[in-house]
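Written below as structure tokens is the structure these notes are about.
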Number of protein chains: 4
Amino acid sequence: MAPKRVDRAARREDVLDAAVRVFARRGFAATRIEDVAAEAGIAKGSVYLYFDSRDALLRAAFARVAARSERLTAAAARPGRPAVQRLADLVRGAVAMLAAEPDLARIMVDLWSTGRARPGTPPGGTAAPALDLAEVYRAYRSVIADLLAEAGRDGDLRPGLGQAEAAVVVAAIEGALVQWLVDPEVPFADLADPITTTCLNGLRPRP
Amino acid sequence: MAPKRVDRAARREDVLDAAVRVFARRGFAATRIEDVAAEAGIAKGSVYLYFDSRDALLRAAFARVAARSERLTAAAARPGRPAVQRLADLVRGAVAMLAAEPDLARIMVDLWSTGRARPGTPPGGTAAPALDLAEVYRAYRSVIADLLAEAGRDGDLRPGLGQAEAAVVVAAIEGALVQWLVDPEVPFADLADPITTTCLNGLRPRP
Amino acid sequence: MAPKRVDRAARREDVLDAAVRVFARRGFAATRIEDVAAEAGIAKGSVYLYFDSRDALLRAAFARVAARSERLTAAAARPGRPAVQRLADLVRGAVAMLAAEPDLARIMVDLWSTGRARPGTPPGGTAAPALDLAEVYRAYRSVIADLLAEAGRDGDLRPGLGQAEAAVVVAAIEGALVQWLVDPEVPFADLADPITTTCLNGLRPRP
Amino acid sequence: MAPKRVDRAARREDVLDAAVRVFARRGFAATRIEDVAAEAGIAKGSVYLYFDSRDALLRAAFARVAARSERLTAAAARPGRPAVQRLADLVRGAVAMLAAEPDLARIMVDLWSTGRARPGTPPGGTAAPALDLAEVYRAYRSVIADLLAEAGRDGDLRPGLGQAEAAVVVAAIEGALVQWLVDPEVPFADLADPITTTCLNGLRPRP
DNA sequence: GATGAATGAGCCTTCATTCAT
DNA sequence: CATGAATGAAGGCTCATTCAT
């Protein structure tokens with residue numbers, strides 16, 4: 001009669017946490033369900049109580065990365081301050097967030113390559129829609145391009161800046177991330193300033 | 001027997017070519033020896049005539065990527081022109097090369113994530129030396145840092161630029177690459193100029 | 001405590017009812033404990049309150065089929081009427097009963113094939129006694145053979161009829177059942193008469 | 001260069017032979033791929049060189065049973081002799097064939113029950129058409145009904161015999177088979193005559 | 001008693017690697 | 001040299017059974 005007291009959703013979250021840690025450590029491809037189970041401290045079969053398949057787990061991790069991305073760009077919308085400053089904040093915020101959650105960052109890098117054979121895409125090709133990584137970056141660039149344009153109108157940056165320059169800003173962040181992940185000695189968190197300075201200076205109106 | 005040697009090496013190269021194509025298309029993890037054999041037009045077992053194991057193939061692909069990187073940085077050493085220009089050439093050259101060889105570029109992205117469980121690193125940990133991706137980027141930044149310093153002395157860029165700014169330049173390139181690979185509509189080749197302009201301007205002495 | 005007993009037994013019967021329905025629908029092999037629980041409207045674990053194991057459930061279903069068979073043959077013992085008529089009644093009764101309980105009939109067919117690896121026979125071979133399907137049919141034929149002999153003495157059928165002819169009568173019934181189960185359009189219930197007529201005529205003394 | 005000398009088709013047939021033996025012994029449901037491999041004297045994985053999946057193996061066995069059935073009914077078409085005799089021959093031929101290939105017969109019985117969830121029918125329901133067991137028996141009855149009608153016109157049997165009586169004849173054969181499979185002491189092969197005699201006598205014109 | 005979360009043995013399937021031809 | 005049949009270890013998933021609540 002007494003339904004066992006387990007918060008299913010919370011437990012599911014625990015398993016996903018564990019999965020994210022293992023994915024970050026081993027990569028998607030090399031991660032076996034058993035690894036996730038071990039990390040979560042449960043039995044192999046129990047993973048299937050919360051996720052339908054290995055693939056569902058991948059997709060959930062993917063969704064988490066996507067959610068984080070959205071939080072990131074959403075934060076840049078804070079109005080009331082000059083666009084250049086919001087831009088600088090966005091860059092700093094992005095770097096800080098990525099640096100604070102290296103596991104998710106690593107997963108994102110994994111997604112860059114897995115992107116071709118998206119998680120949830122069985123060999124045949126019939127895939128779950130999952131998260132469209134291209135869309136994530138498109139949104140990212142779009143937000144930045146808007147800020148660049150606004151700053152251009154403010155006279156803080158050159159006028160006429162657009163998608164290309166937005167791509168460069170995004171690139172500086174993601175590229176710095178890569179270098180850090182490949183070589184932990186690269187001081188990613190400290191690169192927020194050089195990135196901001198270099199890019200914003202580089203986009204200032206020529207004297 | 002000498003001709004045999006040549007033939008053998010050429011054959012090996014053919015197989016590696018095929019492997020690179022498949023790796024780029026499917027990713028490391030999803031590529032089976034048989035896929036490579038099929039792409040190379042030989043039998044599965046024959047792959048083992050040229051490579052000791054699946055892993056050796058991975059390492060060979062890695063080596064090829066690394067070699068490409070070295071060619072890249074080596075080219076920047078051409079003296080006789082001002083450092084700023086050699087820097088701009090380096091950026092443009094890198095972008096052009098990556099854009100021209102998307103297969104190798106894709107593999108490089110794959111390596112970023114696989115890097116943790118380095119190709120050649122069996123679960124146990126006793127690994128073949130493989131190649132050190134961190135080292136590749138360290139060299140890359142080093143070359144650029146030297147050019148930045150030289151340009152600083154030339155008065156073309158701010159003095160005092162170092163590793164951090166070099167990382168930003170590398171980041172802009174690699175980050176742009178990622179966006180292109182994730183979303184083919186991003187005009188990677190055309191980003192060479194925005195990258196160069198933004199970064200170099202951003203590093204100019206303040207007026 | 002007595003009421004508890006009754007309750008428990010009734011519950012057990014409910015579960016077995018549910019099991020029989022599912023067995024008939026899905027077949028033994030494809031039926032999971034959870035299916036039975038769902039059909040019975042209880043939780044998976046609760047099935048074990050009434051049956052020691054999946055196998056015990058199978059055996060109970062078997063027992064039910066066997067009990068039905070016994071009721072069938074027992075009914076044929078009614079004396080006081082000529083043997084030929086009791087024989088005809090037996091055939092009609094059997095067909096009617098099978099037609100009325102297709103679920104049990106389906107299970108019986110399942111038992112024909114599962115019979116080899118008798119329910120209750122774990123791979124090792126140390127088995128619970130379970131029920132002997134061969135014995136069920138032996139009894140069936142025996143009753144019929146007795147009726148045939150008696151009818152022979154009555155002069156209604158040929159003398160000298162025995163096990164072989166009894167087997168033919170049983171065969172006609174079971175074989176008709178099979179055809180119905182395989183193809184629901186076969187009018188099994190209506191075959192009682194053709195079976196009776198054909199067999200009994202066929203066993204009449206030659207003119 | 002030297003393509004290994006193995007007759008793929010023959011090998012496949014060997015594996016299927018082994019599978020049929022195991023299916024007959026253990027039943028479909030209880031048969032693991034490894035059992036088949038062991039019976040065939042090969043490694044588990046090698047089964048997959050010849051069959052795409054466990055299910056494909058089931059379907060192949062199924063097809064073999066179907067082919068046997070067709071041979072059976074086809075044989076009854078021999079014209080040039082009176083229909084009654086061809087009918088008697090058909091019954092005897094069927095019994096002889098079933099008795100000679102008990103493995104296939106056992107599989108057929110397995111199919112009767114598995115018929116619901118036909119081999120090749122994944123849980124979802126999207127099935128390969130495979131063999132329609134209902135169709136097999138329909139054809140069987142149809143051939144017999146034709147012979148009965150012809151014999152009726154010949155005056156050897158009652159006129160007006162049809163599907164129902166055909167079903168009884170088929171039933172006698174299949175039902176006898178069941179009894180034999182359930183209890184090897186039942187002399188199935190010897191039942192050909194009692195079946196023929198009983199049924200044909202039973203269908204004679206009343207004096 | 002009842003529940004359903006948890007477990008882990010077991011089975012199907014894939015694929016790197018070997019080796020007889 | 002080249003082949004591709006054969007192998008068997010590994011990993012995903014299912015499900016009977018147990019047990020804390």
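Just so it is clear, the model here is predicted, and its values are computed rather than measured. Convention: sequence-line order gives letters A, B, ...; per-chain numbering from 1. All values below were derived from every heavy atom in this structure, side-chain atoms included, with hydrogens, water molecules and symmetry-related copies excluded.
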Residue-phosphate contact under 4.0 Å: [X] side-chain N/O, [N] OP1/OP2:
| X | N | answer |
| --- | --- | --- |
| C:R8 | E:dG1 | yes |
| B:Y48 | E:dC19 | no |
| C:R11 | E:dA2 | yes |

[atom1] of [X] versus [atom2] of [N]: gap in Å, rounded?
| X | N | atom1 | atom2 | answer |
| --- | --- | --- | --- | --- |
| D:I33 | F:dT7 | CD1 | C1' | 15 Å |
| D:Y50 | F:dG4 | OH | P | 13 Å |
| A:D14 | E:dA5 | CG | P | 15 Å |
| A:L57 | F:dG11 | CG | C1' | 15 Å |
| A:R32 | E:dT13 | CZ | P | 21 Å |
| A:E34 | F:dG12 | CD | P | 9 Å |
| B:D52 | E:dT18 | CG | C1' | 13 Å |
| C:L49 | E:dA2 | CG | C1' | 7 Å |

Inset, instruction - Return the set of residues passing side chain to side chain donor-acceptor pair (under 3.5 Å) with C:D35 (not counting sequence neighbours), or none when no residue passes. - result: C:R32

Inset, instruction - List for me each residue that meets side chain to side chain donor-acceptor pair (under 3.5 Å) alongside D:R64, sequence neighbours excluded, and say none if there are none. - result: D:E13, D:D17

Cut-off 3.5 Å, no hydrogens considered: what does the side-chain donor-acceptor table look like for residues 37-48 of chain A, sequence neighbours left out?
residue	atom	partner	partner atom	Å
A:E39	OE1	A:R25	NH2	2.6
A:E39	OE2	A:R21	NE	2.6
A:E39	OE2	A:R21	NH2	3.4

Legend entry - Distance (rounded to the nearest 0.5 Å) between D:F51 CZ and D:L16 CG: 4.5 Å

Inset, instruction - With rounding to the nearest 0.5 Å, note down the distance linking CG in B:L133 to CG in A:L181. - result: 11.0 Å

Legend entry - Nearest listed nucleotide, side chain of C:R54, among F:dG12, E:dC12, F:dA16: F:dA16

Inset, instruction - Under 4.0 Å from any atom of DNA chain F, heavy atoms only: list the residues of residues 36-44 of chain B that qualify, in numerical order. - result: B:I42, B:A43, B:K44

Inset, instruction - With DNA chain E as reference, determine whether D:T31 or A:G45 sits nearer its 5' end, using the nearest nucleotide of each. - result: A:G45

Inset, instruction - Determine, stepwise, if the pair C:R59 / C:D55 fulfils salt bridge (Lys or Arg N to Asp or Glu O under 4.0 Å). - result: CA-CA 6 Å; C:R59 264 178 278 125; C:D55 217 79; 3.5 Å; yes

Legend entry - Residue whose nearest DNA chain F nucleotide is more 5′ - D:S46 or A:S46: D:S46

Legend entry - Side-chain heavy atoms of B:F23 within contact of B:D110, under 4.5 Å: no

Inset, instruction - Taking the side chain as every heavy atom from C-beta outward, state whether D:L57 and D:Y50 have any pair of such atoms under 4.5 Å apart. - result: no

Inset, instruction - Whenever both distances are under 3.5 Å in a Watson-Crick or G-U wobble pair, mark it; put DNA chain E into dot-bracket that way, with [ ] for crossing pairs and | when the partner is on another strand. - result: .||||||||||||||||||||

Legend entry - Electrostatic pair C:D7:C:R11 at N-O distance under 4.0 angstrom: no

